A.B. asks: 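Quick one: the structure is below, questions incoming.
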There are 2 protein chains.
Amino acid sequence: MENRTIDTRERILDAGERLFMAHGYEGTSMRQITGEAGVNLAAVNYHFGSKESLMQEVFRRRLDWLNEERMRVLHEMEAEAAGKSLKPSQIVDGFFGTLLRMAGDENRGGMTFLRLLGRTLTEPSEFIRAFLAHEYQAVMDRYKEALFKALPEVPKAEIVWRFHFMLGATSYAIAGTDALRLVTDWQIEDEDSTDRLDRLVPRLMSFLLGGLRAPLPQF
Amino acid sequence: MENRTIDTRERILDAGERLFMAHGYEGTSMRQITGEAGVNLAAVNYHFGSKESLMQEVFRRRLDWLNEERMRVLHEMEAEAAGKSLKPSQIVDGFFGTLLRMAGDENRGGMTFLRLLGRTLTEPSEFIRAFLAHEYQAVMDRYKEALFKALPEVPKAEIVWRFHFMLGATSYAIAGTDALRLVTDWQIEDEDSTDRLDRLVPRLMSFLLGGLRAPLPQF
DNA sequence: TTATGATTCATACGTTCGTTTTAATCATAA
DNA sequence: TTATGATTAAAACGAACGTATGAATCATAA
């Protein structure tokens, strides 16, 4: 009784994760999901109640760990700093680096989940937006606080904007492993895909930090 | 005969633009579109052939101008430079500034189209990805060439990556007029929406240039 | 071994989807 | 004014959608 259920649930979540990533929420049907998972059509409604609930569970399975890990890393860094303010690079790495390193961890969804997350942040159905906002708010607030403290001379509004820009650059960098083709094609020849992921992190970090520390715009 | 057609076509395109922006391609039905446009259900198929063709026409109506304008601006800057290489800030402004300034031009789709474009870049159905890649390729290549020349000491692969990051930050900044709520809420109090748009351009430009010129990552 | 509750299965429900069809209505030129 | 081609309108098409139902099958404990 135990193994059948867990297997079925897990298989559905895996298939949903992959298909939602590839075709979006509306673009993925229950029949595709159950077909790919190799389970009966009714299994989704039996185990999750509805398509919406399945989508939420797909996210929760990964985000719970990610958010806890981000919190843990931040607390750890702050403890180590012993009252002194953190370096912006530490904070950026705690938030975005932790996210990006998920891509290499197949047990935590790997690239698939990251791409799903990236694309979902810009295509939110109402119920997804509400859900993500709820799941993210606390962590986001804590990291913004940390940035405020790390950059006391920068107006808070500017920091919030730049945090937002960083999110966009990161989402897109991940979501666009295919969309990348739109911008690249031949230009990047000499890297296989594992190489590419390993190098993406420092590349993106440099870019994010450069943007975060750029001179303030004069209005 | 003339006026009826044009009005109907235009009304459909406007409604499609708005609804595709708000709910995505799959999330928008023909009945919503024709309902909002105040035309008969069959009108879309009569005037455009299919839902896919309508989507393409929604993009073409705006992208044709945008791409021409980007080319024009680049040529103009290069002519003025008379052989000397352009400054990165000029190139970035030619590409992203031209895009962002569309937001203020309601005759060219304004914010609505920009948000549609932003969200579509990360949620591409196969046919949309192919279409956008085709429409964008030439302009993208020209701007990348310009960046290669402007930054001869930076490896081309790095420039391509950073171009990609800039695209992401911009898409997200635009698409997320609502998703912004996820990151902001109370933090930005003292700006109305026109103010916000006016200030977005220099803010984003600072960020993009900071990222583009950041120190190279050491592997 | 049998009773019980959990899970799987085949099937069907009612809706909505994009598209097509056929007839009505319109604007224009002969 | 009438003929013609373009556009609009109402209705229906088959397919696919998410969901619900009730019987069959399974694992487990008494």
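Predicted model, so just to flag it, every value in this text is computed and none were measured. Naming convention: chains lettered A, B, ... in sequence-line order (proteins, then strands); numbering from 1 in each chain.
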A.B. asks: Hey, can you pull the residues of residues 12-21 of chain A with a non-hydrogen atom under 4.0 angstrom from DNA chain D?
C.D. replies: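 Listed by number, there are none.
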A.B. asks: Does a nitrogen or oxygen in the side chain of B:S50 sit under 4.0 Å from OP1 or OP2 of C:dG18?
C.D. replies: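 Negative; the distance criterion is not met.
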A.B. asks: Nearest heavy atom decides the nucleotide; on that basis, is B:R31 or A:L41 closer to the 5' end of DNA chain D?
C.D. replies: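 First, find each residue's nearest nucleotide; the 5'-ward one identifies B:R31.
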A.B. asks: Check the distance between D:dA11's P and B:M30's CE and give it to me in whole angstrom.
C.D. replies: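 Answer to the nearest Å: 19 Å.
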A.B. asks: Would you say A:M21 and A:F113 make side-chain contact, with heavy atoms under 4.5 Å?
C.D. replies: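 Counting from C-beta outward, A:M21 and A:F113 never come under 4.5 Å.
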A.B. asks: One thing to verify: whether A:R142 and A:E78 come together as a salt bridge, which I'm taking to mean a side-chain N less than 4.0 angstrom from a carboxylate O.
C.D. replies: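 Salt bridge present between A:E78 and A:R142.
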A.B. asks: Which is true for B:T28 with a 4.0 Å heavy-atom rule: it touches a base, it touches only sugar-phosphate, or it touches nothing?
C.D. replies: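 Here B:T28 touches the backbone only, sparing every base.
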A.B. asks: For B:Y46 and C:dC26, give me the distance from atom OH to atom P, rounded to whole Å.
C.D. replies: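 Distance, rounded to whole Å: 15 Å.
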A.B. asks: If we only count heavy atoms from C-beta on, is the A:F127 to A:Q56 side-chain gap below 4.5 Å?
C.D. replies: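 A:F127 reaches A:Q56 side chain to side chain.
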A.B. asks: So what does B:S53 touch, heavy atoms closer than 4.0 Å: a base, only the sugar-phosphate, or nothing?
C.D. replies: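 No contact at all - B:S53 keeps every heavy atom at 4.0 Å or more from the nucleic acid.
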A.B. asks: So does B:R11 pair up with B:E36, basic N to acidic O under 4.0 Å?
C.D. replies: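 No, B:R11 and B:E36 are not salt-bridged.
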A.B. asks: Round to a whole Å and report the spacing from CG of B:N40 to C1' of C:dG18.
C.D. replies: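 Distance, rounded to whole Å: 14 Å.
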A.B. asks: Should the pair A:R72-A:E68 be classified as a salt bridge under the 4.0 Å nitrogen-to-oxygen rule?
C.D. replies: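 No, no charged N to carboxylate O under 4.0 Å.
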A.B. asks: Where the side chain of B:K51 is defined as all heavy atoms beyond and including C-beta, which of D:dG18, C:dG18, D:dT7 is the nearest nucleotide?
C.D. replies: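 That would be C:dG18.
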A.B. asks: Does B:S29 place a side-chain N or O at less than 4.0 Å from the phosphate oxygens OP1/OP2 of C:dT16?
C.D. replies: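 No, B:S29 has no side-chain N/O under 4.0 Å of OP1/OP2 on C:dT16.
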A.B. asks: Check for a donor-acceptor pair, side chain of B:R162 on one end and backbone N or O of B:A214 on the other, with a separation under 3.5 Å.
C.D. replies: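 Pair found, side chain donor or acceptor close to backbone of B:A214.
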A.B. asks: With a cut-off of less than 4.0 Å, is there a side-chain N or O of B:T8 near OP1 or OP2 of D:dT8?
C.D. replies: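 For D:dT8, OP1 or OP2 has a side-chain N or O of B:T8 closer than 4.0 Å.
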A.B. asks: Within the pair B:H47 and D:dT8, is there a side-chain N or O less than 4.0 Å away from OP1 or OP2?
C.D. replies: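 Answer yes for this pair, as a side-chain N or O of B:H47 is under 4.0 Å from OP1 or OP2.
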A.B. asks: Taking the six-membered ring for Trp and the full ring for Phe, Tyr or His, determine whether the centres of B:F163 and B:Y143 are under 6.0 Å apart.
C.D. replies: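 B:F163 vs B:Y143: aromatic centres not under 6.0 Å.
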A.B. asks: Return whichever of B:A43 or A:E26 has its heavy-atom-nearest nucleotide of DNA chain D closer to the 5' end.
C.D. replies: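 Its nucleotide being nearer the 5' end, the pick is B:A43.
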A.B. asks: Defining pairs by Watson-Crick or G-U wobble geometry with both distances under 3.5 Å, how would you list the stems of DNA chain D with at least three pairs each?
C.D. replies: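 Stem list for DNA chain D: C:1-30 with D:1-30.
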A.B. asks: Between B:R62 and B:D105, does any NZ, NE, NH1 or NH2 come within less than 4.0 Å of an OD or OE carboxylate oxygen?
C.D. replies: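 Judged by the 4.0 Å cut-off on N to carboxylate O distance, B:D105 and B:R62 do not form a salt bridge.
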A.B. asks: Between B:V139 and B:L74, is there a side-chain heavy-atom distance shorter than 4.5 Å?
C.D. replies: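 B:L74 vs B:V139: side chains apart.
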